[in-house]
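Notes for the one structure printed next.
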Amino acid sequence: MTDFHRIKRLPPYVFEQVNRIKAAARANGADIIDLGMGNPDLDAPKHVIAKLCETAGRPRTDRYSASKGIAGLRRAQAGYYQRRFGVSLNPDTQVVATLGSKEGFANMAQAITAPGDVVLVPNPSYPIHAFGFLMAGGVIRSVPAEPTPAMFPALERAMQHSIPKPVALVVCYPSNPTAYVAGLDFYKDLVAFAKKHELILLSDLAYAEVYFDGEPPPSVLQVPGAIDCTVEFTSLSKTYSMAGWRMGFAVGNQRLLAALTRVKSYLDYGAFTPIQVAATAALNGPDDCIHEMRSIYRKRRDALVDSFGKAGWKIPAPAASMFAWVPIPEKFRELGSLEFSKLLLEKSDVAVAPGIGFGEHGDEYVRIALVENEQRIRQAARNIRRFFDGADKTLHNVVPITTPTENPMAKAG
């Protein structure tokens, strides 16, 4: 496998190492509390499932669908943007349905990237934001992830010192994994920066509806003129707990979306038509299910912050997303996030995502997903507390510790 050019450009999948330990532990009967993968455990809305069942088996629904999405679904997504953000979109030219936002992002990278093109990507960030471009032959230059004024001097330096000149900038707010949230003023500056430097702006807004404090997260397309250079990606995965349905969208600049549509037309025939019809029902239907989802994640967040804090691990409370981005306790920080995640799994039966999987600047953190109920989260905290309390005695099982009185050379003699 190492002989293939694109495979060689991809590093080992960090999360797979934790997954292997997790699978082995479960095979041996361990009750693993899995807070690692951002895989929603909530049910999809009943009216959406009913529409799927109603549509499946109807005449012609088993045929190939439309790669860019059926017309009704694209109209529904345009309607959502109008209601939620006050942004008007032409459903025929400015909306493309994708097989989840991840597929849309990867194929947009294929559409716009020439070999050697430089792309500015936050570090840490969701892996596809960087690896989509790497697979397309691009080069990644890391920039800060936090949406503060301090980002812009770093972006300017990246522009000045990158050869060739970068072609695109990626952002993701609310962020996976960091849970950072951007405001409209930040987006205004971001759009101005992108236009000044003739950059394509790619915004991942998959967590638009998963927020807990303050105002709902905005869309960058709310900035006047942003559509001149921007494509934004959204998903039904978290909003409607439809992760396995693989339904997302790319919206924004007509020229960029035409390029995405062209690539997709060679690769897929779109999602199964009944799924697209059900997704239309989700977007056009009642939003009480969204409020319920948000309430559940908020309660889980509060349970996480409270119980882990009592266990001796302070959790910064995320304002949005379904993740907490958590510094590794100081005692274990030198291990790095991968070894700490393995240790946590082995000693407390709790799985988290190592921060190194999101970029080297994430190595002092782990990502904790709110994908278990409150009772299980509190159980995880009890398990971790037991591990922390006995860590001085058990840590040597993983990291050999030489006491001052030991002399390895004397033993060898």
Side-chain angles (χ1 to χ4, degrees), residues 12-26 30-41 124-127 145 174-180 207 210 238 243 297 300-318 320-391 394-395 397-399:
Y13 194 56
V14 168
F15 305 114
E16 185 56 34
Q17 297 187 45
V18 176
N19 290 341
R20 281 200 301 269
I21 298 173
K22 187 166 58 181
R26 281 179 170 152
D31 177 22
I32 302 298
I33 301 173
D34 193 349
L35 305 176
M37 188 174 180
N39 197 3
D41 63 320
S125 69
Y126 186 56
S175 172
N176 178 7
T178 62
Y180 294 141
Y207 297 90
V210 189
K238 310 309 189 293
Y297 284 135
R300 291 180 179 183
R301 179 202 65 170
D302 294 345
L304 179 76
V305 171
D306 175 65
S307 62
F308 276 53
K310 290 176 179 175
W313 193 1
K314 183 175 175 58
I315 306 287
S321 86
M322 56 187 292
F323 306 111
W325 185 240
V326 187
I328 298 171
E330 187 174 351
K331 180 185 292 187
F332 306 100
R333 200 161 293 164
E334 288 188 3
L335 291 174
S337 60
L338 179 56
E339 292 306 316
F340 174 70
S341 297
K342 292 179 182 177
L343 187 65
L344 202 63
L345 185 53
E346 293 167 356
K347 301 298 183 182
S348 64
D349 292 337
V350 175
V352 298
I356 190 67
F358 304 97
E360 66 271 23
H361 293 300
D363 201 25
E364 293 188 349
Y365 296 80
V366 294
R367 191 193 71 179
I368 299 178
L370 305 173
V371 292
E372 295 267 16
N373 63 39
E374 294 169 60
Q375 180 181 348
R376 294 278 285 171
I377 289 172
R378 293 186 184 280
Q379 180 62 54
R382 289 191 289 271
N383 291 2
I384 289 170
R385 181 169 189 169
R386 283 195 296 271
F387 163 50
F388 284 178
D389 288 346
T394 61
L395 190 57
N397 293 334
V398 179
V399 181

| message | A side-chain contact here means heavy atoms from C-beta on lying under 4.5 Å apart; do Asp302 and Tyr297 qualify? | response | no

| Between Ile21 and Glu346, is a side-chain contact (heavy atoms from CB on, under 4.5 Å) present by the stated rule, with each step listed? | CA-CA 8 Å; Ile21 298 173; Glu346 293 167 356; 4.1 Å; yes

| field | Shortest non-hydrogen contact from Tyr207 toward Met322 | value | CE2-CG, 3.8 Å

| task | With rounding to the nearest 0.5 Å, note down the distance linking CD1 in Ile328 to CG in Leu344. | result | 10.0 Å

| field | Distance (rounded to the nearest 0.5 Å) between Leu35 CG and Leu304 CG | value | 7.5 Å

| request: Of all the heavy-atom pairs spanning Ile32 and Ala351, show the shortest one and how long it is. | output: CG2-CB, 4.2 Å

| query | Would you call Arg333 and Glu330 a salt bridge, taking side-chain N to carboxylate O under 4.0 Å as the test? | reply | no

| Note, Asp389 side chain near Arg385 side chain (heavy atom, < 4.5 Å) | yes

| message | How long is the straight-line distance from CD1 of Ile315 back to CD1 of Ile368, given to the nearest 0.5 Å? | response | 4.0 Å

| field | Asp31 and Arg26 ion-paired at < 4.0 Å | value | no

| query | Would a 4.5 Å heavy-atom cut-off, applied to side chains only, mark Asp306 and Arg378 as touching? | reply | yes

| task | State, to 0.1 Å, how close Ser341 and Val18 come at their nearest heavy-atom pair, and which atoms those are. | result | CB-CG2, 4.2 Å

| Closest approach of Pro174 to Ser321 (non-hydrogen atoms, all atoms of both residues) | CB-N, 4.3 Å

| How long is the span from the CD1 atom in Ile384 to the CD atom in Gln379, to the nearest 0.5 Å? | 10.5 Å

| So does Gln375 have more than 12 non-hydrogen atoms from other groups sitting under 6.0 Å from CD? | no

| Do Pro327 and Pro316 touch side chain to side chain, with heavy atoms closer than 4.5 Å? | yes

| field | Approximate separation, where rounding is to 0.5 Å, of Trp325 CH2 and Ser175 OG | value | 8.5 Å

| Straight-line distance of Leu338 CG to Gln17 CD, nearest 0.5 Å | 4.5 Å

| message | I'd like to know whether the aromatic ring centres of Tyr365 and Phe340 sit less than 6.0 Å apart in this structure. | response | no

| query | Heavy-atom distance under 4.5 Å between the side chains of Ile33 and Asp349, does that happen here? | reply | no

| query | Do Val350 and Leu345 come within less than 4.5 Å of each other through their side chains, counting heavy atoms only? | reply | no

| With a 6.0 Å cut-off on ring centres, are Phe15 and Phe358 close enough? | yes

| Nearest heavy atoms of Gly38 and Phe323, plus distance in Å | CA-CE2, 3.6 Å

| request: Give every residue pair that meets the salt bridge (charged side-chain N to carboxylate O under 4.0 Å, His left out) criterion with at least one member in residues 360-373, sequence neighbours excluded. | output: Glu372-Arg376

| Where do Ala243 and Pro40 come nearest, in terms of heavy atoms and distance? | CB-CD, 3.8 Å

| task | Output yes when a side-chain donor or acceptor of Ser337 lies under 3.5 Å from a complementary backbone atom of Ile356, and no otherwise. | result | yes

